[in-house]
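Here is the structure we will look at, set down as structure tokens.
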Amino acid sequence: MRYNGNVKTNGNMNNLQIAELLRAVAAAYTVKSKSRFKFKIIAYERAADAVEHLSSEAKDLWDEGELTNVAGIGESIARHLGEIFTTGKSKHFEKVFSGLPPAMFDLLAINGIGPKTAYKLTSELSISKNAVQALKKAASSGKIAKLEGFGVDSEREILLGIGEYERKPEKRMLLPHAMRIADEIKDWVMRCAEVEKIEVLGSLRRRASTIGDIDMAVATNSPKIVLDYFGNYPKKVRLIEKGDKKASVLLAGGVRVDLLVMVPEAFGAALQHFTGSKHHNIELRERALGMGLSLSEYGIKRIKNKELRIKNFADEVTFYKYLGLSYIEPELREGAGEIESAANNNLPKLVELTDLKADLQIHSSFDIETSHDLGESSMREIVKKAESLNYEYIALTEHNPSQSGHTQKDVVEILKRKREMVDELNYSISQKQNYRVIKVFNSLEIDILSDGSLPVNDDGLATLNFALVSIHSNFRLNREKMTKRVLTALDHPGVKIFAHPTGRKLNYREGVELNWEKIFEFCLEQDKWIEINADPARLDLPDFLVREAVLKGIRLTLGTDAHHVTGMNNMRWGVDVARRGWAEAKNIVNTLSLEKFERLL
DNA sequence: GCCGTTTTCGGCCCGACTGTTTTCAGTCG
């Protein structure tokens, strides 16, 4: 639901709706006078970004009197939002929106239409409702081209924009999917002889959990040839734009690919610029201004000396160094304190894939009569795969036996059978001469029932080395009940790991509501561990919560949740999440050697 | 409207691309 300029709500706005409202305010100021309100507009846009990226609801923060502590939200915006939270509307915002057609805000969702264009179109075409449809009709009948300031080309662009808006899927790409597309384009571009280097940048390089656009940069001395070549990418749906410096194409499914070209000697600044994020770049440039420097994708120049040539950087390390900063890993570049840390030289030494000594969530095909999905690979196949990944140990974590059709006594019997199987496996591994010894831990992924109880009793738990617990049903309890549910489950003896803690499925299901403060506190006190599930459709714990957990000193684990040996290759995506959450090897339990892990256990 | 290595006033990231213009405005990343 798009904000339409009518400030009438029940006061229960979520962060997304608030962000939309604040952007609408910025748009309204833009229409009224872009020059007069220049900085107010920036402030509202920043506030919108800030709210959108909050990890708690703005309403809750306001209740606690913490809203003004959010960077980008000051007394004024907090007061207006407070008025909305209490009365459902804001007198000030109503004044800002007065005189503007509410329908214009619907058009802002279309690429290429900004505040001014939206205002012009809705007023001159007298559009009042079903704005997008009305605009489509006007464009199709050639009415837009006749308006002053428009022409047949802009009318065609608007129609294209509407078409893409209508087809645009809500879904963002999962990381591996985006990576495959990017690699394919990369392979194709590299076949152009003029290309010296090509790098995939943007949110892909920052390893965000979902990807919108794909950004790339090429080092070349023949920009025109490369851009022409790129513009002819055979899988494109259309060429969005092409200039001297960059070009953009649209792929099937609404995926946009931007390519920036740069001479090799200035490639470092281009990498930095196009890796972003926006917030990182803005913060970096503000810092540079304070040093009398101005940054761009071309390099760094001194402000007071414009005739001075721009300083080039072939790589990013020297670029950051010039600004008095240590090198900032792409995963950290979100404008979330990394620049300050780099200035103080206390950035974390991020965990790496090669630090991992184990995979702590794997499902084998050994049938323990679960009601959830069984794995497809045998225990032996999994051990062999673990060996190829240089692991020292693994945990086999099938879902618990189903409750229906099993008495608790049955369940214990089944678990004893599995225990014997794992014991035999460990014995046979230890007997093999040219086998690197991998220890297999006997574990289980146990459902957390609605009341926090577990479908496995203490005798069953006693057959395990340790247990994982996770939510697979009843995702919609309120925050308080859900928190109690989880804490009750974690409190059982033998339960060690809270697996895929939010239960989110990217693009399909939001995570559950939990009081993380309480969960973290409990985990810290009771030495319970929290999983970062490396399944690219989950990536759960999410990166921003990893950051909070790391700050609090919570022990984290990484597990692929593999249901087939190929799934064990997914560890890299989990490591990416850990890195985005500022995690070092010491924060991840399964970077420990087998000996240390057993001692900790 | 926000904010502080310029600290309660006076700044606020930087540039590319397109279309409709004839020097620029709007939009985007």
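Every heavy atom of this structure was used, including side-chain atoms; hydrogens, water molecules and symmetry mates were not. In the text below, chain A, chain B and the rest are named by the order of the sequence lines, each starting its count at 1.
- Contact annotation: A:Ser76 side-chain N/O to B:dG1 OP1/OP2 distance is under 4.0 Å.
- Distances shorter than 4.0 Å separate some side-chain N or O of A:Ser154 from OP1 or OP2 on B:dT20.
- For A:Arg156 and B:dG19, the shortest distance from a side-chain N or O to OP1 or OP2 is below 4.0 Å.
- The separation of B:dG26 from B:dT20, taken at their P atoms, amounts to 14 Å, rounded to a whole angstrom.
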Identify each atom pair where a protein N or O and an N or O of nucleotides 21-26 of chain B are less than 3.5 Å apart, giving names and distance.
from, atom 1, to, atom 2, distance (Å)
B:dG26, O3', A:Thr117, OG1, 3.1

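- A ring-centre distance under 6.0 Å is found for A:Phe97 and A:Phe105.
- Base pairing annotation: B:dT8 forms no Watson-Crick or G-U wobble pair, as no partner gives both donor-acceptor distances under 3.5 Å.
- Of the candidates B:dG1, B:dC13, B:dA16, B:dG1 carries the atom nearest the A:Ile77 side chain, counting heavy atoms from C-beta on.
- For A:Tyr298 and B:dC14, the shortest distance from a side-chain N or O to OP1 or OP2 is not below 4.0 Å.
- Between A:Asn111 and B:dC28, a side-chain N or O to OP1/OP2 separation shorter than 4.0 Å is present.
- Using a 4.0 Å heavy-atom distance criterion, A:Ser248 is classed as making no nucleic acid contact.
- Ring geometry, A:Tyr44 versus A:Tyr29: the interplanar angle falls from 30° to 60°, so the pair is classed tilted.
- By the neighbour-count criterion of 12 heavy atoms within 6.0 Å, atom OH of A:Tyr119 is sparsely surrounded, having that number or fewer from other residues, nucleotides or ligands.
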